[in-house]
Amino acid sequence: MLKNRTKIKVKGLNQERAINNLSKTIRIYNFSRKEHNISEFEVDYNNSKHIKKMLEGQGLEVVSLKSRGPAFFIRDFFKRGGLIAGVIFVLIFYILQYSFILKIEVWGGEASQCNLVKNFIEDNLDSKLKHNISTEELEILVRNNFDFVSSVSVAFVGQSIVVNLNPSLLPDEMGTGFSPLVSEYDGMITEINLIQGTLNCSVGDIVQKGDVLVYPYVTDSSGKVYEVEPKADITAQVWLSGQEIHYDYRILTYRTGKSKVQSQVLLGGLVIYSKTPDILFEDYECEVYTKQLTKNLLLPFKLKKTIYYEIETEEIIEPFEEVKEEIISKARQKALIFSDKNDIIIDEKYTLSEGGGCHIVDYVVTVSKNIGG
Amino acid sequence: MFNFFNEIKNKASGIDYNLLNEYNIINLSGKLLYVEGHQGVTIINSDMVAFKIKKGRVVVEGKELVLSELTSNTLLLQGVIIKVEIF
C-alpha cells in the first residue's frame with residue numbers, strides 16, 4: 001500500500017511467454033487472469049516507464065496503465081478542487097469552533113458549590129470566545145466571590161473551561177456569627193494584648209460593663225473583612241464595692257422552725273376538700289402555693305397549700321463600736337464576692353457614714369483583672 | 001472418470017476427505033511444479049513465484065522459473081524448484 005506501483009491490464013495471446021520474459025528483469029505482483037486473453041498485474045512504478053514498450057514488443061496490447069500509491073494519492077488529491085475546498089472548509093470550521101467555549105466543568109467542591117460556581121461563571125462570561133476570556137481574571141473573580149474557595153485554577157481543556165476548586169477549611173477561630181468582646185466590669189484599662197479581632201479601646205480608657213472592647217472581625221490589606229472570634233487579654237483596674245449597714249437598735253424577726261400546713265382542693269374557687277390544722281402559734285407568717293391537680297379543663301381542680309411558720313421577734317441593742325471590725329469585714333466580703341481568685345488586689349479602703357441610728361460601711365477593693373473574657 | 005488426486009485421497013486414513021480439497025501441489029523432480037487451487041499470483045520473478053491459496057500463501061523459490069501455464073486456478077511452473085514454502 002505504501003509503495004508506488006503501476007497496474008497494467010494487457011490483452012493478447014500467449015501471455016505466459018511475455019510474463020516469463022518480463023519476470024526475468026522485473027518483479028511482477030498480483031497477477032490475475034481476468035479472461036483467457038486479458039490479464040492484470042502490477043509492477044514497481046520505477047519499472048513502469050519501459051514496460052509498455054516491452055509488452056508491446058512481446059505482442060501484447062496494453063489496455064490500461066494506471067499508477068497508484070501514496071505519491072499518486074497526493075497528486076490526485078491536489079487535482080480535486082472540490083475535495084480540497086471541503087478539507088479547507090472543515091479545517092476552517094474546526095479552527096473556528098475550537099475557539100469557542102461550549103462547556104464549563106467545575107471540580108473539587110460539593111455538588112451544590114460546583115453548581116454555584118458554574119452558574120456564576122456562566123453569568124460573568126462576556127464572550128464564549130477563548131481569546132476574550134482571561135483565566136487569571138476568572139480565578140480572581142471566583143476566589144473573591146466565594147468564601148468557601150481557598151484557591152482556584154481555571155484552564156481551557158479543548159472546548160471546556162475546567163475550574164478546579166480547593167475548598168477552604170476555616171480554622172476554628174474563623175467563621176461567622178461571632179459576638180464582640182465586651183467588658184464584664186467597670187474599670188480603667190491598664191494593659192492590652194490583642195490576639196485577634198479589631199480593638200475598640202486603648203490603655204487608659206475607662207470602660208463600663210457592656211462596652212465593646214474588641215470587634216469580631218479583621219480587615220486585610222485589600223480591605224476585605226473576615227469574621228473572626230475576638231480574643232484579647234485586656235487588663236484593667238476594677239473597683240469592687242460592698243456595703244454593710246449596721247443598726248445600733250433593731251428588731252430581729254426569725255422563724256423558729258415550727259410550721260403547719262393547710263390543704264384545700266378547689267374547683268373554680270369553690271372549696272371541695274379542706275384539711276385545716278389547729279394553728280397555735282402566737283406569731284406566724286404564711287406562704288401560699290397553688291397548683292393544678294388535673295389537666296382536665298372541664299374540671300379544673302386545684303390544690304392550695306398554706307404553710308404557717310412560727311416566728312419570734314427579738315429586740316437587739318448592739319453599739320456599732322462593739323462590732324465595727326465585724327461589720328467592715330462583712331462589707332469587704334461583699335466587695336470581694338465579685339472578684340476572681342486570679343485577681344491581683346492593688347488597693348482597698350472603706351468609708352464610714354452615720355445617721356438616723358445606723359452606720360454605713362462602704363468598702364472598695366481595687367483589683368487588677370482581665371476584663372476581656 | 002479417473003482422477004489422480006481423488007485416488008490418493010481415498011488411500012489416506014484418519015483424514016476427512018472433505019478437508020483435502022483446498023489446493024494440490026505436485027513437484028515433479030524439482031523441475032516442474034503443478035498447482036491446483038491457487039487464488040491469484042502475487043509475485044512473479046525468475047527466482048521466486050508466490051501465489052495465494054485458501055487460508056494462506058505459497059512461495060516457490062528456484063532458478064530460471066518460467067510460468068508455462070496459468071489459468072484462473074491452476075498454474076504450471078518450470079525451472080529449478082529449490083523450495084516450496086506454505087505460509
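Per chain, numbering begins at 1; letters A, B, ... match sequence-line order.
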request  = Please identify each residue that fulfils side chain to side chain contact (heavy atoms under 4.5 Å, CB included) with A:I92, with sequence neighbours left out.
outcome  = A:I88, A:L96
task = Check side chain to side chain contact (heavy atoms under 4.5 Å, CB included) between A:I74 and all other residues, then give those that pass, not counting sequence neighbours.
result = A:F78
ask   = Do A:I19 and B:I44 come close enough that some side-chain heavy atom pair is under 4.5 Å?
value = yes
Could you list each donor and acceptor atom pair linking chain B to chain A at less than 3.5 Å?
from, atom 1, to, atom 2, distance (Å)
B:V41, N, A:F31, O, 3.1
B:V41, O, A:N30, N, 3.3
B:V41, O, A:F31, N, 2.4
B:T42, O, A:N30, N, 2.6
B:I44, N, A:I28, O, 2.6
B:I44, O, A:I28, N, 2.9
B:N45, ND2, A:S23, O, 3.4
B:S46, N, A:S23, O, 3.2
B:L67, N, A:N20, OD1, 2.4
B:L67, O, A:N20, ND2, 2.6
B:L70, N, A:E16, OE2, 3.0
B:L70, O, A:R33, NH1, 2.4

Heavy-atom count around [X] [atom1] within 6.0 Å, excluding the residue itself: above 12?
| X | atom1 | result |
| --- | --- | --- |
| A:F73 | CZ | no |
| A:I195 | CD1 | yes |
| B:F87 | CZ | yes |
| B:F51 | CZ | yes |

inquiry  = For the CG atom of B:L67 and the CZ atom of A:F31, what is their distance to the nearest 0.5 Å?
reply    =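 With rounding to 0.5 Å, CG (B:L67) is 7.0 Å from CZ (A:F31).
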Residue list, ring pair (Phe, Tyr, Trp, His ring centres under 6.0 Å) with A:F146, at least two apart or on another chain =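 Once residues adjacent in sequence are excluded, the partners of A:F146 under the ring pair (Phe, Tyr, Trp, His ring centres under 6.0 Å) criterion are A:F120, A:F148.
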Residue A:I26 versus chain B: region with a heavy atom under 4.5 Å =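 Only the backbone of A:I26 comes within 4.5 Å of chain B.
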